Amino acid sequence: MTSSPHDPDLPLRNDIRLLGRLLGDVIRASEGAGVFDTIETVRRMAVRFRRDGNASDGRALERRLKQLTPDEANSVVRAFTYYLHLANIAEDRDQNRRRRARLLRQDAPARGSLQDAVTRLRAAGVSQARMRQLLDDALISPVLTAHPTEVQRKSTLDVHKEIAHLLQGRDLPHSTEEAFEQTLALLGRIATLWQTRMLRNSRLTVADEIENALSYYRSTFLPVIPQLYAHLSRLLGREPGDPFGPLPDPFKAFLRMGSWIGGDRDGNPNVCAETLNLALLRQSATVFEYYLDETHALGAELSMSSLLTPATGALLALAEQGGDVSEHRRDEPYRRALIGVYARLAATARALTGRELARREAQPAPPYARPSEFAADLAILAESLDEHHASPVARLRLAGLRQAVEVFGFHLATLDLRQSSDVHERTVAELLARAGVEADYAALDEAARIALLRRELAQPRPLVSPWISYSEETTRELEIFRAAAQARERFGTQAVLHAIVSHAESVSDLLEVLLLQQETGLIAPGSGGNRDRPPAEGEGLMVVPLFETIPDLAEGPRIMAQFLDLPEVRARVKRAQRGVQEVMLGYSDSNKDGGYLTSNWSLYQAERALVEVFAARKVRLRLFHGRGGTVGRGGGSSYDAILAQPPGTVAGQIRLTEQGEVIQSKYKDADIGRWHLELLTAATLEASLAHSTESASAEDALFATYGPTMDRLSKTAMAAYRALVYETPGFADYFFASTPIFEIAELNIGSRPASRKATNRIEDLRAIPWGFSWGQCRLLLPGWYGMGSAIEEYLRHGEGTRRARVQHLQAMASEWPFFRTLLSNMEMVLAKTDLVIASRYAQLVPNAALRKRIFSTISDEWKRTMSALKLITGRRQLLADNPSLARSIRDRIAYIDPLNHVQIELLRRYRAERARRGHAKSESAGRTQNGIHLTINGIAAGLRNSG
């Protein structure tokens with residue numbers, strides 16, 4: 001089909017065509033025409049098999065793949081994988097280009113932009129002052145985690161950034177010679193990519209994960225977040241109309257970054273006090289490097305001469321304190337002041353990190369005691385510039401630096417602690433037993449545990465003794481809490497704020513963490529029962545329960561009500577936590593436990609119930625959403641997900657995890673990263689304020705109308721899901737044989753094991769590799785299974801006529817944001833699901849009867865789900881209302897399919913040799929394993945949100 005010159009997709013197609021051609025040139029030059037022809041042959045055969053679906057085409061493709069040598073297979077896989085990487089780069093650039101074009105045309109602001117959110121809220125009668133008021137007390141925090149689904153090396157990601165930069169330059173007018181030079185530069189970068197090892201040779205350590213995460217701060221978060229604040233400041237009328245008017249003070253930091261990397265111990269034996277200290281030191285060093293560079297650049301920028309313009313007395317005093325006596329700068333007070341500021345920064349960095357981070361010689365100076373002192377010096381510079389008609393100069397760099405200090409402090413990002421409740425329980429049990437307080441804490445019932453823990457929290461004497469030796473586990477737990485206390489003293493309380501309790505199932509699970517804090521210096525001894533000494537503001541870490549499974553989500557509101565009703569907890573929330581208590585909700589484990597529909601419905605009901613519990617106790621609720629990349633783990637549009645939250649669940653407070661390859665997809669490019677941060681902020685504004693201007697009774701009415709239907713659908717969907725996953729004999733054997741789960745576990749993509757225990761039980765498998773594996777074999781089962789059975793049962797046996805039931809479901813989809821978002825995310829998953837490809841993975845299951853029985857069950861449910869979705873939406877084609885996503889998936893299929901076919905062949909070879917040789921691996925098996933890992937990389941890149 002010939003593209004129209006006005007085709008909006010034409011620039012993207014041209015970019016992809018160019019990158020594909022250059023990649024082909026590199027392959028021909030590096031590997032030879034024969035390898036290139038083999039790659040093209042495999043691609044054409046896979047396309048023909050998809051198009052026609054003939055069994056003979058499938059057999060011909062299988063025969064051709066069997067003929068590939070290990071080296072040929074690796075070349076084929078690398079070619080398709082790099083093509084998909086390059087297509088991702090082109091798509092990201094196209095998103096940026098479309099947003100810029102829309103701004104230039106001055107069209108209506110893009111949905112999800114801050115401008116759109118502010119415009120909508122104004123139309124709803126919300127004043128700019130009300131928006132500013134909300135943000136002054138808000139917290140919006142993306143939290144980076146190291147969950148292992150990111151398979152790309154930093155080396156390749158760095159080349160990706162260079163390619164993106166070169167592509168962006170092609171939008172500018174250029175001569176024929178300049179165009180040739182740009183193409184030549186692109187060819188060089190693609191050649192670099194081809195000749196760079198794609199996979200890591202060894203498993204990532206926690207230190208590696210820390211450094212990988214910090215690269216996103218340098219490229220995106222540090223420069224972009226101040227820009228976003230400045231944009232919002234203009235939208236909300238904080239900026240004066242006169243560009244020479246005084247700059248507003250920095251926003252209070254409502255948008256802050258969080259991290260689990262180095263503090264998340266749940267199931268990861270490699271995380272300890274040492275990694276916590278390392279993470280905080282490296283974070284601090286990174287932010288100081290940024291401040292030192294920006295301060296040095298300010299010294300070059302603020303060249304104002306006192307011979308031409310005066311300065312305030314405070315600025316002159318700061319200049320005198322700087323200690324610079326050079327005659328060359330005698331009339332340049334800003335530069336003299338900044339020399340002193342730079343010296344103090346360098347001294348602070350040295351004191352806090354133990355490293356010399358200054359890029360140039362800095363004279364001796366006292367360090368800043370806290371970020372507010374550094375901010376005060378920058379304010380002196382800004383006020384002097386404002387007063388003397390130089391506000392436009394302050395906007396160049398100084399304003400952004402001031403905002404950065406407010407946001408990042410000396411700690412960069414808040415690092416959470418996370419541990420499983422059973423580890424806390426064993427630790428407390430040992431402390432109580434060794435102190436002679438309670439010999440068998442684990443044997444106590446819940447009421448007795450609570451009573452004992454409350455007594456201990458009221459005790460001024462310690463449980464822990466330096467004269468007693470404890471088990472390795474208990475010692476590690478005490479050490480990490482002590483390290484958190486020391487870090488807060490060193491870097492400020494924002495450095496570590498939360499202790500997340502995984503698998504929280506009771507009030508005692510939360511009180512145990514308060515007791516451990518008391519024993520390690522995070523909270524004062526006896527403060528739990530000392531009315532004369534209430535907790536100080538900011539004292540200790542907020543204990544955050546993580547409710548993960550379906551039963552835990554149902555019990556969560558009751559647990560929180562009981563917890564908040566304890567007088568010592570109520571006092572701590574009011575004083576130490578400023579009236580805010582956080583609750584974390586787990587998407588991954590609830591999905592693995594009960595399936596897609598039931599997980600989402602359980603989360604929704606838990607949120608509504610938590611709002612009631614907290615409102616009755618006049619405590620502000622902050623929800624922390626543990627979302628992943630796949631829809632089965634809460635993936636999909638963050639903007640739509642936030643807007644679909646029940647009223648009262650956002651209220652200016654939200655944290656959410658960013659995991660795996662989603663981090664690089666969203667944040668490796670600064671422009672894309674800014675857009676995603678803008679989406680989060682815009683959605684939080686809208687969800688917080690739009691609902692407050694409309695009665696929550698509208699949502700209550702929807703819940704009352706459609707809730708019973710959702711209850712019914714959920715019960716049926718969960719029964720169908722659990723019948724397959726947990727009750728079908730042999731299902732675990734089918735899963736481990738038909739997916740590359742074992743090979744994923746061998747990938748060097750993270751420091752965390754794939755399973756909690758060394759078993760082949762589905763129950764012990766982590767939710768992340770569970771979902772990742774289904775994505776690889778193109779079933780993506782966690783994102784849809786059970787929905788079809790639920791709809792079918794309702795249509796057969798629900799109240800009223802069948803037509804009335806259909807209309808009821810259609811009304812649910814059109815009127816209820818929760819159900820509409822549920823269907824939209826599922827539709828995206830179904831568009832990426834391919835039963836033909838999945839059936840070829842099923843052939844890896846050696847038991848033919850088991851293979852046929854389980855795959856036919858899955859296939860039947862897929863047909864039911866597809867039929868149900870089309871019936872409810874009224875659309876015959878998937879993604880008919882999202883043509884750009886449909887086009888993206890369609891264009892990728894020709895390159896993802898061959899990777900799947902090659903992966904299946906390599907899995908056969910590798911497993912056959914492993915069966916023959918056991919653990920003794922030959923050179924051939926090593927190359928085959930490498931090829932499998934390359935296919936995992938490529939398929940993940942092609943599907944994008946697969947982890």
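Just so it is clear, the model here is predicted, and its values are computed rather than measured.
The line from CD of Glu607 to OG1 of Thr649 is 5.0 Å long, rounded to the nearest 0.5 Å. In this structure, the separation between OG on Ser839 and CG on Leu779 is 9.0 Å, given to the nearest 0.5 Å. Rounded to the nearest 0.5 angstrom, Ile550 CD1 and Met718 CE are separated by 5.5 Å. Distance check, rounded to the nearest 0.5 Å: CD of Glu505 to CG of Leu510 gives 11.0 Å. The OG1 atom of Thr801 sits 10.5 Å away from atom CG of Leu795, with the distance rounded to the nearest 0.5 Å. One distance of note links CG of Asn591 with CG of Asp593; it measures 9.5 Å at 0.5 Å rounding.
Looking at Lys863, its side chain never comes within 3.5 Å of a backbone N or O of Ile858 through a donor-acceptor pair. Remark: the backbone N or O of Ser714 is paired with a side-chain donor or acceptor of Thr598 at under 3.5 angstrom. Between the side chain of Thr865 and the backbone N or O of Glu861 there is at least one donor-acceptor pair closer than 3.5 Å. Looking only at distances, a side-chain donor or acceptor of Arg617 sits under 3.5 Å from a matching main-chain atom of Val613. With Arg418 contributing its side chain and Val501 its backbone, the two residues share no donor-acceptor pair below 3.5 Å. In terms of modelled atom types and a separation under 3.5 Å, the side chain of Asn825 and the main chain of Glu827 share no donor-acceptor contact. In this structure, Arg655 contributes its side chain and Ser141 its backbone to no donor-acceptor pair below 3.5 Å. Using a distance-only test at 3.5 Å, with no hydrogens or angles considered, no donor-acceptor pair links the side chain of Arg851 to the main chain of Leu844. Under the 3.5 Å distance criterion, the side-chain polar atoms of Arg796 are left unmatched by any main-chain donor or acceptor of Arg802. Listed for the Arg622 side chain is no donor-acceptor partner under 3.5 Å among the backbone atoms of Ile654.
In summary, the side chains of Asp552 and Thr549 do present a donor paired with an acceptor at a separation below 3.5 Å, with no hydrogens or angles considered. No side-chain donor-acceptor contact under 3.5 Å links Asp640 and Thr821. A donor-acceptor contact under 3.5 angstrom links the side chains of His503 and Glu548, judged on distance only. Side-chain contact check for Ser888 and Arg892: at least one donor-acceptor pair (N or O, by modelled atom type) lies under 3.5 Å. Looking at Ser590 and Ser602, their side chains never bring a donor and an acceptor atom within 3.5 Å of each other. Side chains of Asn882 and Ser884: a donor-acceptor N/O pair is present below 3.5 angstrom, by distance only. For the residue pair Arg778 / Thr833, no side-chain donor-acceptor distance below 3.5 Å is found, with atom types taken as modelled. Donor-acceptor pairing under 3.5 Å is recorded for the side chains of Tyr841 and Gln903.
When all heavy atoms are compared, the tightest approach of Pro817 to Ala644 is O-CB, 3.9 Å. Here the closest non-hydrogen pair linking Leu713 and Tyr794 is CD2-CB, 3.8 Å. The minimum heavy-atom distance between Ser789 and Arg864, with the atom names listed, is OG-NE, 3.5 Å. Heavy-atom minimum distance, Cys777 versus Ser738: CB-O, 4.0 Å. Of all the heavy atoms in Val650 and Ser688, the pair that sits closest is CG1-OG, 3.4 Å. Closest of all the heavy-atom pairs between Asp445 and Ala448 is OD1-N, 2.8 Å.
Considering only residues two or more places apart in sequence or on other chains, Phe731 meets the ring pair (Phe, Tyr, Trp, His ring centres under 6.0 Å) condition with none of them. Residues satisfying the ring pair (Phe, Tyr, Trp, His ring centres under 6.0 Å) test with His676, not counting sequence neighbours, are none. Every ring pair (Phe, Tyr, Trp, His ring centres under 6.0 Å) that Phe818 has, sequence neighbours left out, goes to Trp601, Tyr604, Trp816. Legend: residues meeting ring pair (Phe, Tyr, Trp, His ring centres under 6.0 Å) with His901, ordered by chain and number and at least two apart, are Phe49. Partners of Arg50 according to the salt bridge (charged side-chain N to carboxylate O under 4.0 Å, His left out) rule, which considers only residues two or more places apart in sequence or in another chain, are Asp834, Asp897. Take Asp700 and apply the side-chain hydrogen bond (donor to acceptor under 3.5 Å, both in side chains) test, not counting sequence neighbours, and it matches Arg608.
Glu555 has a carboxylate O that lies under 4.0 Å from a charged side-chain N of Arg558, or vice versa, which qualifies the two as a salt bridge. With respect to the salt-bridge test (charged N to carboxylate O, under 4.0 angstrom), the residues Asp422 and Arg426 qualify. Classification of Arg914 and Glu743 as a salt-bridged pair holds, one side-chain N sitting under 4.0 Å from a carboxylate O.
Below 30°, between 30° and 60°, or above 60°: for Tyr721 and Trp770 the angle between ring planes is above 60°, a perpendicular geometry.
In this structure, Ser599 and Leu603 have side chains that are in contact, with non-hydrogen atoms separated by less than 4.5 Å. Gln776 places a side-chain heavy atom less than 4.5 Å from the side chain of Ile744. For the pair Arg449/Glu512, a side-chain contact is recorded, criterion being any heavy-atom separation below 4.5 Å from C-beta on. Put simply, the side chain of Glu446 reaches to within 4.5 Å of the side chain of Val507, judged on heavy atoms. For the pair Ser638 and Leu680, the minimum side-chain heavy-atom distance is below 4.5 Å. For the pair Tyr596/Leu822, a side-chain contact is recorded, criterion being any heavy-atom separation below 4.5 Å from C-beta on. The shortest distance between side-chain heavy atoms of Leu943 and Ile889 does not fall below 4.5 Å. Residues Leu621 and Glu582 are not in side-chain contact: their nearest non-hydrogen atoms beyond the backbone lie 4.5 Å or more apart.
Counting heavy-atom neighbours within 6.0 Å of Glu799 CD, excluding the residue itself, gives a total of 12 or less. Shown here is Glu727, whose CD atom has more than 12 heavy atoms of other residues, nucleotides or ligands within 6.0 Å.
Here the options are His808, Gln810, Arg803, the test is side-chain contact (heavy atoms from CB on, under 4.5 Å), and the partner is Val806; only Gln810 passes. Just one residue in the list Thr657, Asp416, Thr145 forms a side-chain hydrogen bond (donor to acceptor under 3.5 Å, both in side chains) with Trp260, and that residue is Asp416.
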Query raised in the report: Run the side chain to side chain donor-acceptor pair (under 3.5 Å) check on Ser814 and Arg820 step by step: do they pass?
Result: CA-CA 7 Å; Ser814 64; Arg820 185 166 59 248; over 6 Å; no

Report task. Give the intermediate values and the outcome of ring-ring contact (aromatic ring centres under 6.0 Å, His included) for residues Tyr706 and Phe819. Result -> CA-CA 9 Å; Tyr706 299 124; Phe819 192 60; 8.1 Å; no

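Under the 6.0 Å cut-off for aromatic ring centres, Trp862 and Tyr785 do not qualify, their centroids lying 6.0 Å or more apart. Taking the six-membered ring for Trp, His498 and Phe624 have ring centres at least 6.0 Å apart.
Note that Arg722 lies in the cation-pi zone of Tyr726, set by a 6.0 Å cut-off to the ring centre and a 45° limit from the axis.
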